[in-house]
Amino acid sequence: MASRRISSLLSRSFSASSATLFSRGRSTSNLSRGINKYSTAAALEDPINPPVNVNYTQLLIGGQFVDAASGKTFQTLDPRTGDVIANVAEGDAEDVNRAVATARKAFDEGPWPRMTAYERQRVLLRFADLIEQHNDELAALETWDNGKPYEQAAKIEVPMLARLMRYYAGWADKIHGLTVPADGPYHVQTLHEPIGVAGQIIPWNFPLLMFGWKVGPALACGNTIVMKTAEQTPLSALLASKLLHEAGLPSGVLNVVSGFGPTAGAAIANHMDVDKLAFTGSTATGKVVLQLASKSNLKPVTLELGGKSPFIVCEDADVDKAVELAHFALFFNQGQCCCAGSRTFVHERVYDEFVEKAKARALNRSVGDPFKGGIEQGPQIDTDQFDKILNYINSGIESGATLETGGERFGNKGYYIKPTVFSNVKDDMLIAKDEIFGPVQTILKYKDLDEVIRRANSTHYGLAAGVFTHNIDTANTLTRALRVGTVWVNCFDTFDAAIPFGGYKMSGHGREKGIYSLNNYLQVKAVVTPLNNPAWL
Amino acid sequence: MTSHSNGNSDSFVKMPTIKFTKLFINGKFVDSISGKTFETIDPRTEEAITRVAEGDKEDIDLAVKAAREAFDNGPWPRLSGFDRGRIMMKFADLIDEHAEELAALDTIDAGKLFVEGKAGIPHSANMLRYYAGAADKIHGEVLKMSREFHAYTLREPIGVVGHIIPWNFPTAMFLGKVSPALAAGCTMVVKPAEQTPLSALYYAHLSKLAGIPDGVLNVATGFGPTAGAAISSHMDIDAVSFTGSTEVGREVMQAAAKSNLKTLSLELGGKSPLIIFDDADLDKAAELALLGILYNKGEICVASSRVFVQEGIYDEFVKKLLEKKKSWTVGDPFDPKVRQGPQIDKKQFDKILSYIEHGKREGATLLTGGKPLGHNKGYYIEPTVFTDVKEDMLIAKDEIFGPVMSLMKFKTIDEAIKKANNTTYGLAAGVMTKDLNVANTVSRSIRAGIIWINCYFAFDQDVPYGGYKMSGFGRDFGLDALYKYLQVKSVVTPIYNSPWL
């Protein structure tokens, strides 16, 4: 294992394999002393040279790295500078067809679904070992392509990927059907069979973790896969897939097609020979994906989409801790989390103090080259997102919210945005309704519990919520009343392989991770046969 | 005539050096408090291999104290399931690395086939891997209350566990018991059988290398009436898992009842039927019947010691059986050609021969075998088959625990079921048939914990097994075994204004 410098923020979290991303109550402000704050840094220094080579840029089909059928490539950019990192093969329908045919054959005739679950487990365990051996390389690719802090990638996300693989390895030989009581002399059992060829479309905000959430359960259940990575971040999945093959994955089981949504993505969603589709991305694209599935072969679809998750600070809250957690809930990963706590509801009793401290905390957030130690926030992913976020900020100002801090570009190169805080936000403002997917905290005031429940639920989304209180009754009431897939009580972004994740309402369908994810990748076959003279029923 | 190999072991394999002969308590190998030791005997030669520390009540007290401390204040139950699993994976890898040495220990200590051990020990290590993968999947449930309450269950480790294991599968039993208890977060005291203490001590050593904290896994070698009894009657042990004879199982249960009512699981004796129907694949049936009683010298609780053959194929079956038996070689278990080694000790050897005499006296026909083998040295017994066995004969009722088959004839499925169930035991059963309805009917009708259809001894880490009736209660292997080592705690609290109930 290569060196792991922990001169960083959230050092306790980094060292915790349990993947609690945030240690409650730990103030990071004193730890970030000595780091350039955006407010004091006039300009960014020259970008640090990423300590990694890009070795894989082609499509991975049938265990081979191959060019796109068209020969076309696209540029993947460094969000720190907008410079080209590499030219990557651009998959399109023809490549997806090839990949699906390979995956089909690997499923219908290949060894993967036919080997024992124990052997599948061993492949995933070896993969986890290889991830650990290549931790820093994977993390560097991730940061280079995505712009997230290297320490976050190296200390949290890549270890979590290994952890996910070990978790699903352990499920492989514990996928149980049931014997079922029948209302009559019948013997009934259910077989949980792999569903077949899984199409998986993943986003750019957590390229490796999304790879893991999708690939882990699908492989543990014995499926084969065609995956499309995000065009912004194709690199780390190619290396991870290479390692998975090194671990003993038979060729054709996992095929990775880099490319764009309207072409490669649509070809997967549309494909008549893909048995199941899992998509993580925006709600708008999720709608398209679902339509394509319904227009083609009615493949079942799991969707993990957008959110506008409330973070509710109750009147009994310790304000300093609440500010820190709310800050983390929104700004983590440059605000590019589907579950970001993007509506911060604060009880009126603590509102003023909270706003003041939230502003101070945002001002103190260290923004800069994500390869630099101690950096909390890197650049946004690309120019589209960068422009979109700045537009939302303008909209917030125009609609009369109070811009407490930030609100503009940081530096003059790359896609950096200053940590931004709005107070006096009203429910009907665009910044309180739309998913901004950037470092923009919107603070709203509330009076009582019923009101905040109503307002928190007044959204098309339902992905997650944070609740900050020590009152057990308040916690229980909010927990049950919020129409969301995850409630974090006095914590946020606590992810674990075993904890299911997914959305209510327009935040999506189905759950990923945990035991729940297995169901996405299994067919249930009931087997029924009459019994003669059974000893019991 | 059964062939007999008396090959010299030394030509097959290097004898293992005995490295561990003391009690393993709180992470250290220590002498027993009394300073006493006992001999462990090589059943091939009847000679002592080495002397091993003899644990007694005081030693068990020390081991329990260490386990208690490790449970109440130590890291093991406080690690995440995932982290426990990682350490167990490492333990499994270490076992794989030492498989050959461990196999040799089980061969000299238990007379087990070396070739089987070499292959079988990594397989047993998979038990650790299986439960390592289960350690982070111990789910409680959130409950549906009939009033305005929120309730959920926590599955908590049960505490300090005592494992008392037998001599017939020193490795498989050790790992079969220890793995789920480790995954659950328990700490434990293991008493291996006095006949076969050596591999257990080696596993204790490897567990320490793997990073299992001191006090979590303690191994106290010794005898049942002393060390074993101290475990089953201990006031500070929360659960005991025992595998052994039905008579000792009773004593364990009484001791538990008289002491702290500790939770028990018992995996005891059997007299398992193998029922072969007219439509069965005859070759396979004869093979399985032979394997079912001769595997591990018949020293296996699930041995198919009662073979019921339907009358239409009975004569043909007997012919096949005798034919197949010819290639069944008895001899030095280090010899790769050998299928059957010596019985475990003098006591078992004498007991088996006395049952054979009973069988003859009671009027059963000795079809083949019936005699000791082996040039006056070692506890070898010929594969033995009795025909014309009646249900009330001792050889049809008692667990002989040796290579002695009782062959019986039946006419109808109902008769077969009735006869098969006519036993105080209920551990396992085999059914040989191509008829789906016969298979299903028999499967549901036999009162036994595992039914093998057209196979036998199909054990797997994911398949629970254990007994009905006087074969015991509770299950080893599978997730059922994990639940043995977990308490269920319900947590209930009122809720207000919940939008759903």
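We name chains A, B, ... by the order of the sequence lines, and we start the count at 1 in each one.
Using bins of under 30°, 30° to 60° and over 60° for the plane-to-plane angle, the ring pair Tyr446(A)/Phe345(A) lands in the perpendicular bin. Taking the six-membered ring where tryptophan is involved, the planes of Phe459(B) and Phe457(B) are essentially parallel, since the angle between them stays under 30° and well short of 60°.
With Lys144(B) contributing its side chain and Leu501(B) its backbone, the two residues share a donor-acceptor pair below 3.5 Å.
Taking the charged nitrogens against the carboxylate oxygens, Arg163(A) and Asp496(A) do have a contact shorter than 4.0 Å, which makes a salt bridge. With respect to Arg166(A) and Asp129(A), a salt bridge is recorded, a charged nitrogen being found less than 4.0 Å from a carboxylate O. Salt-bridge formation is detected for the pair Asp93(B)/Arg129(B): a Lys NZ or Arg NE/NH1/NH2 atom is positioned less than 4.0 Å from an Asp or Glu carboxylate oxygen.
Smallest separation of non-hydrogen atoms from Thr459(A) and Lys505(A): O-NZ, 2.9 Å. Here the closest heavy-atom approach between residue Tyr465(B) and residue Ile450(B) is recorded as CB-CD1, 4.1 Å. Residues Pro185(A) and Leu537(A) share a closest heavy-atom pair of CA-CD2, 3.8 Å. When every heavy atom of Pro530(A) is checked against every heavy atom of Asn440(B), the shortest pair comes out as O-ND2, 4.4 Å. Nearest heavy-atom pair across Leu182(B) and Trp76(B) is O-NE1, 3.2 Å. Contact record, Pro217(A) with Gly212(A): CD-O, 3.9 Å, taken as the closest heavy-atom pair.
Contact of Thr493(B) with chain A is made through the side chain alone, with heavy-atom distances under 4.5 Å. Using a 4.5 Å cut-off between heavy atoms, Arg122(A) contacts chain B through its side chain alone, with no backbone atom that close. With a threshold of 4.5 angstrom between heavy atoms, Thr529(A) approaches chain B through side-chain atoms but not through N, CA, C or O. When heavy atoms are compared at a cutoff of 4.5 Å, Ala169(A) does not approach chain B at all. The part of Arg86(B) that comes within reach of chain A is its side chain, from C-beta onward, which places non-hydrogen atoms under 4.5 angstrom from that chain. Neither the backbone nor the side chain of Ile453(A) comes within contact range of chain B; no heavy atom of the residue lies under 4.5 Å from a heavy atom of that chain. For a residue to count as touching a neighbouring chain, one of its non-hydrogen atoms must lie under 4.5 Å from one of that chain's; by this rule Leu125(A) touches chain B with the side chain only.
Between the side chains of Tyr130(B) and Asp462(B), at least one donor N or O lies within less than 3.5 Å of an accepting N or O.
Residues Phe495(A) and Trp213(A) place their aromatic rings such that the two centres sit under 6.0 Å apart.
Counting heavy-atom pairs closer than 4.5 Å to chain B, the top-ranked of the candidates Lys174(A), Gln121(A), His187(A) is Lys174(A). Residue with the most contacts toward chain A among Ser443(B), Ala134(B), Ala135(B), Gly81(B): Ala134(B) (heavy-atom pairs, distance under 4.5 Å).
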Next item on the list: Kindly indicate, with the supporting measurements, whether the criterion ring-ring contact (aromatic ring centres under 6.0 Å, His included) is fulfilled by Phe277(B) and Phe308(B).
Entry: CA-CA 8 Å; Phe277(B) 286 90; Phe308(B) 296 95; over 10 Å; no

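At a heavy-atom cut-off of under 4.5 Å, chain A is reached by Leu479(B) from residues 476-487 of chain B, listed in order of number. Within residues 149-156 of chain B, the residues having any heavy atom closer than 4.5 Å to a heavy atom of chain A are Phe149(B), His150(B), listed by residue number. The interface of residues 421-439 of chain B with chain A, defined by heavy-atom distances below 4.5 Å, comprises Leu436(B), Asn437(B).
Checked against side chain to side chain donor-acceptor pair (under 3.5 Å), Lys271(B) has no partners two or more places apart in sequence or in another chain.
To the nearest 0.5 Å, atom CG of residue Asp450(A) and atom CG of residue Asn497(B) are 6.5 Å apart.
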